[in-house]
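In listed order, ligands and their atoms are each counted from 1.
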Amino acid sequence: MRFDVITIFPEYFSPLSASLLGKAADKGLLSFGVHDLRDWAYDRHRTVDDTPYGGGPGMVMKPAPWGEALDDVLTPESRLVVPTPSGRPFTQAVAGELASAPHLVFACGRYEGIDSRVMAHYRDVVEVHELSIGDYVLAGGEVAVLVMVEAVSRLVPGVLGNAESVSDDSFAPGRMETLVEGPVYTKPPVWRDREVPAVLKSGHHGKIARWRRDEAFRRTAALRPDLLARLDPKALDKHDRRLLAELGLGDLAVPGRHALDG
Ligand code: JD8
């Protein structure tokens, strides 16, 4: 899988050669290209921004350098990904969708954003995905691209070591229930007078699996009740229903009730 990134801050992407992604690139599973937008700004000052039509604060990125850059970097089978706070939410499902593409090109905006005619133009050329990584405001698209590249890359077969598998990822699409991860422990068995839960040292895989599921439910109920509201009651067994009732969320376990159908 090939990733190309166009940005006025290429130095943001040196981490791409580190850790997981670096190893995957060495194995030829992934390849990265990072391009400085200013290479396609041909005036003496390599200008990439100008004042907004209609007035208002800040500057807007000029269309011409983006047109020149994207014409050079895009190929017919590329998908163009544009981080923007006004974009569609980037989720595990979207990461899975993008991981099936042979080539992703990321356009990193800065200032108040990229002249809107650029994406309007490329929607007639390639698939364009305007995506947001969350409801908070960043100064530009670069860190959002790092988030997306890591989330997508780890779904590419062979990138994760065999110890790790994406099948039990939280938020994995198609899972009947989306629960957040429960607590994790490793040696020593006691740390600052805090013990590792005994069940985890029992070797009883059935009890361990059930304990982990219960803890995931408790943590999801405490920190992400919105996820429990999307739960499919058919994914629950008798023990789950008893736990949800204990957590005061018994109504979520009622078959035929589905949060989405209000
Ligand atoms: C791209 C320019 C800054 C945004 C004026 C601050 C994503 N979840 C997210 N939050 N913010 C971004 C994001 C912000 C960006 C750009 C992504 C390009 N800015 C602008 C509009 C208001 N400044 C993002 N993904």
So which residues get pulled into Val196's cluster when ILVMFWY side chains under 4.5 Å apart are joined, directly or through others? Tyr185, Val199, Leu200, Ile208, Trp211
Is it the case that Glu130 and Thr84 place a side-chain donor and acceptor less than 3.5 Å from each other? no
Any carboxylate oxygen within less than 4.0 angstrom of a Lys/Arg side-chain nitrogen, looking at Glu181 and Arg219? no
Arg212/Glu215 salt bridge by N-O under 4.0 Å criterion: no
Applying side-chain hydrogen bond (donor to acceptor under 3.5 Å, both in side chains) to Asp4 and not counting sequence neighbours gives Arg2, His35, His103
For Glu112, check side-chain hydrogen bond (donor to acceptor under 3.5 Å, both in side chains) against everything at least two apart and list the hits. none
Please output the residues near ligand 1 using a strict heavy-atom distance under 4.0 Å, listed in chain and residue-number order. Pro83, Thr84, Pro85, Gly109, Arg110, Tyr111, Glu112, Leu131, Ser132, Ile133, Gly134, Tyr136, Val137, Leu138, Ala139, Gly140, Gly141, Ala144
